[in-house]
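Order of appearance sets the numbers: ligands from 1, and atoms from 1 within every ligand. Sequential numbering from 1 along the given sequence is applied to the chain's residues. Computed from heavy atoms alone, side chains included, the values below leave out hydrogens, waters and symmetry copies. Everything numeric here is computed off the predicted structure, so don't read it as measured data.
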Amino acid sequence: MSRRTEEIPLMSPAPGTSRSLIVHRYGTPGAGPKAYIHAALHADEWPSVLVVQKLIPMLDAASETGDILGEIVVLPYANPTGLAQRMGGHVTGRYDYDGSGNFNRNWPDLSEAAAEKLGGSLPKDPAEAIQVVRAALRDAAAELPRRTRNQEWRAILLGLSIDADYVLDLHCDSEATLHTYTNVRHKDLVEVLGADLGAPVNLLEVEAGGGAFDEANAKPWWTIGDFLDGGADLPAACFGVTVELRGQADVLEEYADADAAALFRFLQRRGVIGGDPGPLPALKNPVTMLDAVDLVRVPRSGIVGYHKEVGDLVSKGDVVATLYDPSAVDPVGARLDLLAGTDGIMFSRFSDKLVEPGENVAKIAGTESLSYRKAGALLED
Ligand SMILES: [Zn+2]
């Protein structure tokens with residue numbers, strides 16, 4: 001079956017302005033596992049947009065040869081509102097100008113609403129229980145409020161993704177190596193995805209907090225049981241993962257070709273697409289707990305000069321960057337070295353070199369939990 005493409009209109013923000021989402025659909029709902037993939041939820045993740053442009057022709061070809069075994073839903077851009085938010089010639093991304101905050105925080109938790117639809121209990125048969133929960137989640141998403149543009153947008157995206165087995169939320173960082181975020185329950189799956197992508201860093205959280213999109217899709221599978229008899233036995237049937245496709249400037253043909261091919265192979269390994277993905281490469285490094293990620297912050301404003309590149313191995317106490325204070329009478333004496341708080345891989349740094357107090361200028365994936373990192377509050381705004 002060929003690809004079906006639809007355009008979903010969004011509320012107009014102003015007279016004379018219209019916005020919409022493009023949705024490409026492959027395969028047959030219910031025929032096999034479902035994957036949902038979108039690019040640029042924060043609107044400013046250009047590498048993810050190019051990767052999806054590379055992935056679509058691959059999916060088209062697989063569709064023409066009958067190799068879509070399950071269902072695939074692809075959005076080439078997730079956030080038209082954010083794409084149109086320019087200030088001073090820059091797409092600012094990340095935050096909605098309507099005041100609702102970070103585009104990837106506070107996604108609705110559908111657990112309780114879905115449990116209510118189930119009448120408090122589940123079928124004994126696990127496969128049947130999964131189907132019933134998926135239907136309840138779909139129904140709960142369909143009833144999300146749509147009074148504002150932001151609410152409508154969230155209801156539409158969750159409505160497309162909530163019943164998927166795999167939710168691949170494609171982002172990028174500021175300057176970074178490839179890395180991923182997912183729940184610790186999905187360690188085995190992210191080891192496969194991370195190996196195919198060649199991601200040096202894959203981060204696991206017990207409870208990230210913040211209500212990110214991946215978590216909104218994955219978490220109901222282990223929280224719906226709080227509202228059901230026997231629900232605690234449900235498998236974690238949705239692998240929600242945030243994939244950070246390097247840094248914002250890493251929009252390169254060769255990266256995008258490789259990343260799209262890796263996502264395609266992952267979908268083959270999971271039975272969403274047919275064909276032989278070939279042997280799985282070795283994972284570059286063991287997965288890391290998110291509470292073992294050191295955030296190197298600055299205490300005051302200034303200009304940051306880096307001594308380490310993304311991907312570098314660092315040791316605790318290494319100087320990763322120096323903060324310069326252009327307002328200091330003694331510029332040399334005012335310099336402040338910024339130190340690694342753990343041994344590990346410096347996988348991310350900040351592209352804006354003029355920083356303000358409290359800004360996080362580097363992330364280091366270590367192996368030991370850090371006392372200042374708290375479960376439930378592990379994501380930056
Ligand atoms: Zn993002």
Side-chain angles (χ1 to χ4, degrees), residues 21 36-53 55 74-87 90-98 100-108 150 153-154 156-158 160-161 166-183 190 193-194 197 199 201-205 208-219 239-252 255-256 259-260 263 290 293 295 310 347-352 359-363 365 377-381:
L21 289 162
Y36 170 92
I37 302 168
H38 71 201
L41 188 64
H42 280 121
D44 60 349
E45 300 107 328
W46 323 129
S48 70
V49 177
L50 186 59
V51 166
V52 170
Q53 289 304 300
L55 184 61
V74 181
L75 277 65
Y77 47 88
N79 186 353
T81 296
L83 291 175
Q85 287 190 169
R86 283 179 182 264
M87 186 174 280
H90 298 281
V91 173
T92 53
R94 201 159 185 91
Y95 304 99
D96 197 324
Y97 285 175
D98 74 355
S100 59
N102 187 319
F103 288 118
N104 195 24
R105 296 290 180 275
N106 303 312
W107 282 78
N150 192 283
W153 172 67
R154 288 171 186 253
I156 290 171
L157 290 194
L158 264 190
L160 292 166
S161 65
Y166 305 100
V167 172
L168 307 180
D169 186 6
L170 307 182
H171 292 244
C172 73
D173 204 316
S174 190
E175 294 177 356
T177 63
L178 264 169
H179 59 284
T180 65
Y181 295 87
T182 195
N183 191 271
V190 85
L193 178 64
L197 284 165
V201 172
N202 297 283
L203 302 164
L204 299 176
E205 76 255 0
F213 183 79
D214 62 350
E215 190 178 65
N217 284 281
K219 193 175 165 185
F239 172 43
V241 59
T242 293
V243 181
E244 302 281 353
L245 294 162
R246 307 181 188 78
Q248 197 184 19
D250 294 322
V251 187
L252 276 74
Y255 285 163
D259 296 343
L263 296 177
L290 187 52
V293 172
L295 303 179
V310 293
F347 65 95
S348 165
R349 65 183 202 183
F350 205 39
S351 58
D352 290 341
E359 207 122 53
N360 163 35
V361 298
K363 297 176 195 161
L378 289 170
L379 299 179
E380 300 165 273
D381 189 45

> From the Zn ion (ligand 1), how many protein N/O/S atoms are found at a distance short of 2.8 Å?
3

> Heavy atoms, side chains only, cut-off 4.5 Å: are E45 and L170 in contact?
no

> Rounded at 0.5 Å granularity, tell me how far CG in L55 sits from CG in D259.
10.5 Å

> For a quick check under 3.5 Å, do H38 and D169 share a side-chain donor-acceptor pair by atom type?
yes

> Angle class for the H42/H171 ring planes (parallel below 30°, perpendicular above 60°, tilted otherwise)?
perpendicular

> Any side-chain heavy atom of N183 sitting closer than 4.5 Å to one from V190?
no

> Decide yes or no for Y255 and L50: does some side-chain heavy atom of the first lie under 4.5 Å from some side-chain heavy atom of the second?
no

